[in-house]
Each structure stands twice: as structure tokens, then as C-alpha cells.
Amino acid sequence: MHKTSRFVLAIATIVMGVVLLSGCNKGGEEDMTTTPVEATTPVETTTPVESTTQTPEPEVPLRTINIKIDASTRSPFNGGKFEGWGTSLCWWANRLGYSDSLAQQAATLFYDAEKGLGMNIARYNIGGGDDPTHDHITRTDSEVPGFLYYNEESGKFEYDINADANQRNVLLKAMKAAGDDFIAEAFANSPPYFMTVSGCTSGSKDASSNNLKEDCFDDFAEYLAEVALIYKNEYGVDFQSISAMNEPTTNYWKANSNKQEGCHFDAGETQSTMFLELSKSLAKRDLQDILVVASDETSIDSQIQAFNKLSDEAKAVVARIDTHTYGGSKRKQLREVAVANNKNLWMSEVDSGNTLGGTAAGEMGAALFFARSIIDDMNGLLPSAWIMWQAIDNHVCAEGYNGNKDSGMPNLAGGFWGLAVADHDKDTIVLSKKYYAYGQFSRYIRPGYTILSTLSESAMAAYSEENKQLVIVAINKDSDAKIANIPLDGFVWKDGTKASVIRTSGDMATGENWAELLAVEVGAEGLSVVLKEFSITTYVIDGIEYK
């Protein structure tokens with residue numbers, strides 16, 4: 001279609017909150033005179049709503065961006081099937097699991113596919129359990145109980161199968177809420193204190209040396225495998241995998257830290273020994289179906305280095321690479337390492353207190369940074385799962401917990417960790433725009449979909465061959481609306497096909513939270529739409545197939 005007629009069509013259809021073009025630009029940026037829809041209707045924080053706002057006449061030309069979906073570059077992991085979204089349960093589950101009410105609210109908000117985010121992966125922390133005489137951890141949530149205790153009568157360390165009731169309470173409720181798609185992974189921050197060199201589960205005395213005693217690799221492996229067996233037999237939880245270490249090559253973990261448990265493991269022989277011992281302990285209990293994974297390094301680049309230093313024997317027993325993405329940039333290279341070694345790949349932890357868009361973005365600033373993290377990881381790693389650190393990082397409670405003071409309500413218009421805040425005084429969970437940002441991905445890209453590369457820092461895409469459905473999530477981190485051209489030359493569809501539109505923008509009080517807008521017609525070459533300022537928008541196209 002000629003540029004002039006496209007412009008007229010854009011003006012004629014802008015009242016729908018999007019620009020509909022029968023053709024898409026494939027070159028550079030192009031200005032178009034259009035104005036995005038503004039939402040003025042208050043939105044409930046738990047239920048998608050219809051957007052009813054009309055749009056004023058266009059005044060300022062909009063900048064155009066091009067989002068290219070590479071339908072030929074698909075996730076190579078887990079047979080190309082996405083396994084799902086999730087969160088670590090420690091430490092928030094340990095903090096609020098005493099309350100059945102808060103635990104159930106969390107399970108519904110985070111794991112129910114209809115009423116909440118539809119997460120289906122929970123990373124359960126097997127606590128080491130610190131020396132009972134220690135009291136250096138001052139956070140109210142991070143002192144996770146261990147399962148071994150010293151029995152004065154027998155003079156031995158014995159298992160308490162009822163330990164860690166709080167975190168388990170949330171785990172079981174999340175498992176029920178997620179249903180058949182639920183996946184549980186166990187991970188450890190530290191061995192029990194009596195297996196450590198320093199005698200403290202917070203780390204070694206210098207923070208950069210191995211803190212697991214040289215004669216305790218098998219003991220620690222036995223501990224992890226035995227807890228997995230207890231959960232299988234006593235609570236019906238079948239862990240899919242176990243990660244024996246967390247950010248192990250860093251110098252983060254120092255004895256008597258006030259923050260958490262942690263343990264340094266050198267890359268190479270030390271990590272290899274741990275993985276081999278864990279494999280043996282699982283097999284001894286007929287739990288060989290539980291995957292041994294490596295190694296939850298804090299940095300993508302460190303993950304590559306640590307995996308490459310494993311012995312051939314250790315690489316053989318490792319089934320999957322788990323990485324955090326707090327640092328490093330070599331996402332494609334890590335993906336290639338996993339493919340070359342025939343290993344699955346998860347992004348198993350990240351979050352941040354950062355924002356995008358400056359102060360003008362308001363409450364959307366943290367949401368946009370979080371969404372951008374998802375997009376970067378999905379396009380670069382093409383992983384089979386994406387799991388954030390902890391869904392709740394802040395707690396409000398006048399009395400505190402275990403003699404310590406809670407962090408309190410963060411500034412939701414600034415940077416903060418987590419998606420929500422647990423208000424123990426009011427017995428409620430307070431949601432944020434980051435919560436709705438996550439839902440723009442997790443509610444629509446479901447287990448079984450295939451992650452596609454978009455070659456864009458502004459969008460990600462996934463496709464379901466079973467449902468013949470394409471999902472695109474796009475962000476606009478800027479203060480002005482933009483036109484996004486999204487050619488779909490790797491797909492075929494029928495004339496008249498439309499895309500459902502769901503958007504989050506504004507603030508919690510008056511903005512859009514999963515607002516359902518008018519559907520967009522897919523043109524001859526794809527989509528051309530207006531991305532509202534400071535927004536996250538999901539487009540769902542049914543009846544579309546690979547070309």
C-alpha cells in the first residue's frame with residue numbers, strides 16, 4: 001500500500017488505540033502522525049478490564065520502531081517446549097508461611113493461571129541450618145531451617161521430617177494452584193553448619209575459599225537426596241531437579257553475615273566432585289530421575305567458565321545448566337555451550353531494584369526494567385524456563401519476626417525487589433506494577449509454547465503449534481508513544497485475522513492492569529500498532545501458522 005493511504009488508514013483507525021496497516025515498513029524508522037489511547041478508567045488490581053477511553057485528535061508525529069520476529073530461530077531446549085515461569089520460594093515463603101491465609105493468597109496470586117500470574121515453577125530452598133548458637137542473620141525471612149538436628153539422647157544428628165513448615169506450606173499450596181504443569185526444583189545455599197569449614201552456613205571466613213569440608217561432599221549429597229526422598233514420601237512432592245550450590249564461585253559468602261546462607265565452591269574439581277556425589281546419592285535412593293543441574297552462577301559469563309571447567313564425568317551427570325543473569329552479557333554463547341553439550345538451559349534467578357524511563361515513568365519504571373530483563377534473557381538465551389528471585393521481598397509488620405524488624409513498604413514509584421509486599425498486620429498482599437508486568441508474559445506464554453527470537457530489545461515472542469497461536473509482548477520505555485511495525489513474514493494467516501490486545505500502563509490507582517483493548521486486525525504483512533508511553537502490551541494472534 002502507498003505511504004499516503006497507509007497514513008489515512010492510521011488516522012481513521014486510531015480511535016481503537018492502535019494503528020492498523022495492511023503493510024509494514026521493513027527499513028529504518030519512519031514518523032507517523034498519530035496519538036495513542038489514554039486510559040482514565042480505574043482498574044481493579046486482580047481482574048482484567050475493558051479499556052473504554054477514546055483518543056484525542058493526533059497532534060505530534062510518532063517515531064516508528066521495527067520489531068523483527070525470527071521464526072526460524074527457536075528455543076532448542078526441552079524439545080523446543082517452554083517449561084514455564086516461576087519464583088524462588090525462599091525467603092518470602094519462610095516468612096509468611098506461618099499464615100494459611102497469606103500462604104493461600106500468595107499461591108493464588110502467583111500460581112493460579114486464571115486468577116493470578118499462572119507461574120508453575122517453584123524453587124524450594126533446602127536450608128542448611130546454622131549453628132543454633134548463632135544469631136547474626138538479621139533479615140526476618142532468610143534464616144531457613146535445616147532438617148538435621150543434634151539429638152542429645154542418641155548423640156547423633158537426625159532428620160526432622162517436619163522441619164521448614166512455613167516454606168513447605170507455601171510450596172504445597174502453590175503445587176495445588178498450578179495443577180498438572182507444576183514443577184518443583186530444590187536448591188541449596190549452604191550445607192549444614194557442621195559440614196562447613198567455618199562452622200557457619202553464611203560462608204567461609206575469607207568469603208573466597210571452599211566452605212564444604214573436604215570429607216563432607218558425600219555427606220552433603222546424602223543430605224540433599226534424603227530431603228528429596230522425605231518430600232516425595234511424606235508430602236507428595238517430586239522434585240524435577242536439585243541444584244547443590246548457589247552463586248558458588250563468587251566471594252559473596254562470608255561467615256557471620258547478617259543476610260543469608262551461602263557457600264563458595266571453586267569451579268572445576270570441587271564442583272565436579274559435588275555433582276558426582278549428588279548423582280550417586282540420588283541413585284542410591286532410586287531417585288535417579290531427579291536431574292542434577294549446574295551451577296546457578298550469578299553471571300552468565302561465569303556460568304560458561306564454570307561449566308567448561310567441569311570434568312567429563314561431571315558433565316555427563318549434569319542434565320541442565322541453571323544460570324542467573326545479574327551480570328555478564330554472553331547469552332548467545334551460553335546457549336551455544338548448552339546446545340553443544342546437549343544440556344537443557346534455565347534462567348533460574350534474577351531481579352533488580354532498577355528502573356527504566358526515569359522519574360516520569362513513575363510506578364511503571366520498575367515494571368519496565370523487569371520486563372526488559374525478561375525480554376533480554378528470552379531473546380538471548382532462548383531458555384526453557386524463566387524464574388525470578390523472590391516474588392515478595394518486603395514485609396510490613398509492626399512486631400517484626402523472630403526478634404528482628406521487617407523491611408516495611410518500599411517506594412513503589414522507585415526501584416524495589418519483588419513483585420508484591422506482604423502486609424502481615426492487615427493479612428493481605430499488596431501488588432505492584434511489576435506484578436502486572438510479569439503477568440503480561442506469564443499469563444499468555446504458557447508451558448508448551450516455543451520461544452522465538454525477535455532480534456529486538458523491545459519485544460519477545462512465542463508460538464504454540466498446538467493452539468496455532470502467536471504471542472508478542474512489546475514494551476515502550478519512553479515518554480512518547482511509538483508506532484511498532486511487526487512483520488510476520490515467517491507465518492501465514494487468513495484475511496480478517498485479529499490480535500487480542502492486553503496492556504499494562506500508568507499507576508496502580510488509575511492505570512491499566514491487564515486492560516483488554518479492542519482487537520487489532522493483522523494486515524497483509526503483519527502488525528503495525530501504537531505502543532503507549534511507559535507501557536507493556538501483549539498481542540495474541542490465533543489461527544496463525546509457520547510458513
Side-chain angles (χ1 to χ4, degrees), residues 75 77-78 82-93 110-111 117 119-126 144 167 171 174 178 181-190 224 228 239-250 252 260-263 265 267 271 274-275 278 290-307 310 318-328 330-331 334-335 337-338 341 343-352 370 373-374 376-378 380-391 393 417-419 438 441-442 447 451:
S75 174
F77 306 112
N78 192 45
F82 188 57
E83 294 180 77
W85 308 91
T87 179
S88 297
L89 297 186
C90 82
W91 304 308
W92 64 272
F110 302 142
Y111 284 90
L117 296 178
M119 291 188 197
N120 64 298
I121 300 175
R123 297 192 77 228
Y124 172 84
N125 179 219
I126 299 178
V144 179
Q167 190 182 185
L171 173 67
D181 290 328
F182 186 72
I183 297 173
E185 176 176 49
F187 77 101
N189 286 320
S190 173
L224 297 176
F239 289 114
Q240 185 202 73
S241 54
I242 295 180
S243 178
M245 54 194 72
N246 175 63
E247 301 180 351
T249 62
T250 67
Y252 297 164
Q260 69 167 99
E261 293 185 340
C263 185
F265 289 81
Q271 291 192 15
M274 188 66 242
F275 296 141
L278 179 56
I290 296 180
L291 308 178
V292 175
V293 301
S295 55
D296 283 292
E297 299 289 351
T298 190
S299 158
I300 303 160
D301 301 3
S302 297
Q303 187 64 64
I304 295 172
Q305 295 167 7
F307 182 83
L310 293 177
V318 167
R320 189 181 72 225
I321 298 173
D322 280 13
T323 189
H324 303 176
T325 55
Y326 292 108
K330 298 179 180 179
R331 288 177 174 83
L334 178 56
R335 184 210 319 166
V337 167
N341 288 274
K343 308 301 179 187
N344 194 1
L345 178 63
W346 276 17
M347 201 304 294
S348 56
E349 183 187 313
V350 77
D351 196 8
S352 172
F370 186 75
S373 297
I374 295 175
D376 287 346
D377 290 340
M378 288 301 196
L381 295 171
L382 296 175
S384 67
W386 195 93
I387 302 129
M388 70 173 300
W389 169 218
Q390 35 177 22
D393 194 74
W417 289 63
L419 307 176
Y438 203 167
F441 299 85
S442 62
I451 306 302

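None of the values given here were measured: they were computed from a predicted structure.
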* Specify whether W85 and F441 have parallel, tilted or perpendicular ring planes, treating 30° as the upper limit for parallel and 60° as the lower limit for perpendicular. =>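 The arrangement is tilted - the two ring planes meet at 30° to 60°.
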* With sequence neighbours excluded, residues passing salt bridge (charged side-chain N to carboxylate O under 4.0 Å, His left out) with R331 ->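 Listed in chain order: D377.
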* **salt bridge (charged side-chain N to carboxylate O under 4.0 Å, His left out) involving E349 - partner list, sequence neighbours excluded** =>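 With sequence neighbours excluded, E349 shows a salt bridge (charged side-chain N to carboxylate O under 4.0 Å, His left out) to no residue whatsoever.
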Testing the basics here: between [X] and [Y], what is the closest heavy-atom pair and its distance to 0.1 Å?
X    : Y    : value
D322 : S348 : CB-OG, 3.5 Å
I387 : S88  : CG2-N, 4.0 Å
A306 : A267 : CA-CB, 4.1 Å
L310 : A294 : CD1-CB, 4.3 Å
N189 : E261 : CB-O, 3.5 Å
A391 : W92  : N-NE1, 3.6 Å

How long is the gap from [atom1] on [X] to [atom2] on [Y], to the nearest 0.5 Å?
X    : Y    : atom1 : atom2 : value
I126 : Q167 : CD1   : CD    : 9.0 Å
N125 : N246 : CG    : CG    : 8.0 Å
E247 : T323 : CD    : OG1   : 9.5 Å
D181 : M119 : CG    : CE    : 14.5 Å
W346 : L291 : CH2   : CG    : 8.5 Å
M274 : F265 : CE    : CZ    : 6.0 Å

Do [X] and [Y] have a side chain donor and acceptor closer than 3.5 Å?
X    : Y    : value
Q240 : E83  : yes
S241 : R320 : yes
E297 : S295 : yes
N78  : N344 : no
S243 : D296 : yes

* To do: Would you sort out whether W389 and Y326 count as a ring pair (Phe, Tyr, Trp, His ring centres under 6.0 Å), showing the intermediate values?
  => CA-CA 11 Å; W389 169 218; Y326 292 108; 8.2 Å; no
* To do: Please report the C-alpha distance between Q390 and D351 in whole Å, then the side-chain angles of each, then the deciding distance to 0.1 Å, and finally whether the side-chain contact (heavy atoms from CB on, under 4.5 Å) criterion is met.
  => CA-CA 8 Å; Q390 35 177 22; D351 196 8; over 6 Å; no
* Evaluation steps, side-chain contact (heavy atoms from CB on, under 4.5 Å), between V337 and Q303 -> CA-CA 10 Å; V337 167; Q303 187 64 64; over 6 Å; no
* Asked: Please walk me through it: do L419 and L117 pass side-chain contact (heavy atoms from CB on, under 4.5 Å)?
  -> CA-CA 11 Å; L419 307 176; L117 296 178; 3.7 Å; yes
* Asked: Is the backbone N or O of C263 less than 3.5 Å from a side-chain atom of Y252, with the two atoms forming a donor-acceptor pair by type?
  ->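 Such a contact is absent between Y252 side chain and C263 backbone.
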* Should we count NZ of K330 as having more than 12 external heavy atoms under 6.0 Å? ->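 Check fails, neighbour count at 12 or below.
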* To do: Begin from the C-alpha positions of T87 and Y111 and carry the test side-chain contact (heavy atoms from CB on, under 4.5 Å) through to its verdict.
  => CA-CA 10 Å; T87 179; Y111 284 90; 3.4 Å; yes
* Asked: Between W386 and F77, does a ring pair (Phe, Tyr, Trp, His ring centres under 6.0 Å) hold up when you go through it step by step?
  -> CA-CA 13 Å; W386 195 93; F77 306 112; over 10 Å; no
* Asked: Side-chain contact, heavy-atom cut-off 4.5 Å: L381 with T325?
  ->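 Yes; the side chains approach each other to less than 4.5 Å.
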